[in-house]
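Handing you a structure now.
Keep in mind that the numbers below use all heavy atoms, side chains included, and drop hydrogens, waters and symmetry copies.
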2 protein chains.
Amino acid sequence: MGIVTSAMGVPVPMAIESHCDECAIREASICEVLDAAQLARLRGISTVVTYAPNAPLFEEGSEAQHVSNVIEGTVTLYKLLPDGRRQILGFLYPGDFVGLALDPTYGCSAEATTVVRMCRFPRERLEKMFKDLPALEHRLLEIAGNEIKAAQEQMLLLGRKTARERLASFLLVLSRRAAARGRPASPVDLPMRRSDIGDYLGLTIETVSRTFTQFKKAGLIGLPNQSQVTLLQREILETIAEGN
Amino acid sequence: MGIVTSAMGVPVPMAIESHCDECAIREASICEVLDAAQLARLRGISTVVTYAPNAPLFEEGSEAQHVSNVIEGTVTLYKLLPDGRRQILGFLYPGDFVGLALDPTYGCSAEATTVVRMCRFPRERLEKMFKDLPALEHRLLEIAGNEIKAAQEQMLLLGRKTARERLASFLLVLSRRAAARGRPASPVDLPMRRSDIGDYLGLTIETVSRTFTQFKKAGLIGLPNQSQVTLLQREILETIAEGN
DNA sequence: CGGTTCATTGATTCGCGTCAATGCAGGTGG
DNA sequence: CCACCTGCATTGACGCGAATCAATGAACCG
């Protein structure tokens, strides 16, 4: 493996690879809309980089030099208040897109939750490529639309749902997401810590923990270990998540 | 003026006009990136519609037939939980864009807050036009990026800020928005009701009201009437909004 | 084995929600 | 012109859900 942090504390990728022939997520990423020739051009400007867990990818307000696709692992996007309060905006999984193509500065910070491999494009070069590959821009607009919808759902959650409703919603989203990727819908993986879940749902660690045990005692979920949840009563969880 | 609601309760536009030569918001809307010839094509598929206050524009989950630009008035976007809890996702002002171009169903509901005039495009026809006018799609991607950033800021507010911080943030955003449109930054207009502010900030009417009077007593704002706020101590409000 | 990190659980506090009353402006009809 | 409504905003009293503070457990690791 490689360097994770330079002598000056500046984060740098752990490792840099190069190709995308056997890319595991190609059909889920921005490349899916391109034919072979176009893909070759895109590959020309892409680099695969690897980050260690907890490595910062970029910080809010800094110049957005790259735009990336997650290939492996999960990435946490968040914003901070000056006193340290944190709001996690999302957890990105393989296939997810990082960095708005057209904005020259990042609106939030990002760090690797697990070991992360990403396919990275220099933002400016990608942008120039839009002129020749309108399909690429179309695809990004599609992705942006999905993100907006997800953000709106999250605003409903943060503004109006109770702790129980938030956690139930969270578990179901993870479960559906896993199913959509061909993974089992039920033992749901939680690659993040309780504090991350809390910061994502606008709750404290303690409330997250208490709500987990409450669900467990009610027979709605099983907690085989800290990072897995079995959904035992999916329908009841769904009712809870919708606020009934 | 025209019909506001048909006999069957189906909402229909109050009035329909036609041109966009003296459009007040052209440079702020999606049209700004087009030259005269392109604009003529776009105009060909556009209609100006007017809605009365409280008229519903569309409902979550329904088919997205149009995509529009607000010309005049303000629009409220929101989501509901089955028991009636409401989260307002945003207030749209002249120049703002309604409806993600690429999604065939609406992810939220919308209604007119005031009298509203909008420039409306049939979604499918607009989409077809993308092929010839890539600049249009580029502009939409830009708009989507701004919306994502705003949504992220709002998630921070809803998940982590206190009532005071939320209201201060809200007033400042409105003030900056007004200034950016060449209006005075200080007596801020509140075209929406207290309950709308509450549903936008994830608070109750009462908390919004109490926080207003708290700010007023502290000399931070003035409340000449129910729908206007004078920002007397902008810097202090800014400190509060950032969480200090 | 002690140290570190994270999760759980309990006791208590507190900010905001809930419930209820009052105020206030605009509109309508007598 | 006034009495009365209606819709909103304000204010107060009280309660609750989640935060805070604090202790204990559990897993992992050098």
Subject >> Exercise: do B/Ser169 and B/Lys161 side chains pair donor with acceptor under 3.5 Å >> reply: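 The criterion, which ignores hydrogens and geometry beyond distance, is satisfied for B/Lys161 and B/Ser169.
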**OP:** May I ask you to verify if any side-chain N or O of B/Thr207 is less than 4.0 angstrom from the OP1 or OP2 atom of C/dC16?
**Re:**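 Indeed not, no polar side-chain atom of B/Thr207 lies that close.
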Original post:
Rounded to whole angstrom units, what separation is found between the CZ atom of A/Arg85 and the C1' atom of C/dG15?
Top reply: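 After rounding, the reported distance stands at 13 Å.
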**OP:** Run the salt-bridge test on A/Arg166 and A/Asp199 with the 4.0 Å N-O cut-off and return the result as yes or no.
**Re:**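 Between A/Asp199 and A/Arg166 there is no salt bridge, as every charged N stays at least 4.0 Å from the carboxylate O atoms.
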Original post:
Are B/Phe91 and B/Val75 close enough that some pair of their side-chain heavy atoms sits under 4.5 Å apart?
Top reply: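 No. Closest side-chain heavy atoms not under 4.5 Å.
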Original post:
Which whole-number value in Å describes the distance from B/Ile205 CD1 to C/dC19 P?
Top reply: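 One finds 13 Å between P of C/dC19 and CD1 of B/Ile205, rounded.
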**OP:** Would you kindly compare A/Leu223 and A/Arg160 by the position of their nearest DNA chain C nucleotide and give the one closer to the 5′ end?
**Re:**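 The residue whose closest nucleotide sits nearer the 5' end is A/Leu223.
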**OP:** Report yes if at least one side-chain N or O of A/Thr213 is closer than 4.0 Å to OP1 or OP2 of C/dT9; otherwise report no.
**Re:**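 Checking C/dT9 against A/Thr213, a side-chain N or O does come within under 4.0 Å of OP1 or OP2.
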Original post:
Between the base of C/dG15 and the side chain of B/Arg210, is there a donor-acceptor distance below 3.5 Å?
Top reply: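 Counting by modelled atom types and ignoring angles, no donor-acceptor contact under 3.5 Å is found here.
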Original post:
Between D/dA18 atom P and B/Lys161 atom NZ, what is the distance in whole Å?
Top reply: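 It is 22 Å, rounded to the nearest whole Å.
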Original post:
To the nearest angstrom, how far is B/Phe212 atom CZ from C/dC16 atom P?
Top reply: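 So the two atoms are 15 Å apart, to the nearest Å.
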Original post:
Considering heavy-atom distances to DNA chain D, does B/Arg194 or A/Glu206 have its closest nucleotide positioned more toward the 5' end?
Top reply: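 On the 5' side of the pair lies B/Arg194.
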**OP:** Map A/Gly202 and B/Met192 onto DNA chain D by nearest heavy atom, then report which one ends up closer to the 5' terminus.
**Re:**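 Going by which nucleotide is closer to the 5' end, it is B/Met192.
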Subject >> Polar side chain donor-acceptor pair, A/Arg193 to A/Thr113, under 3.5 angstrom >> reply: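 Side-chain D/A pair, A/Arg193 to A/Thr113: absent.
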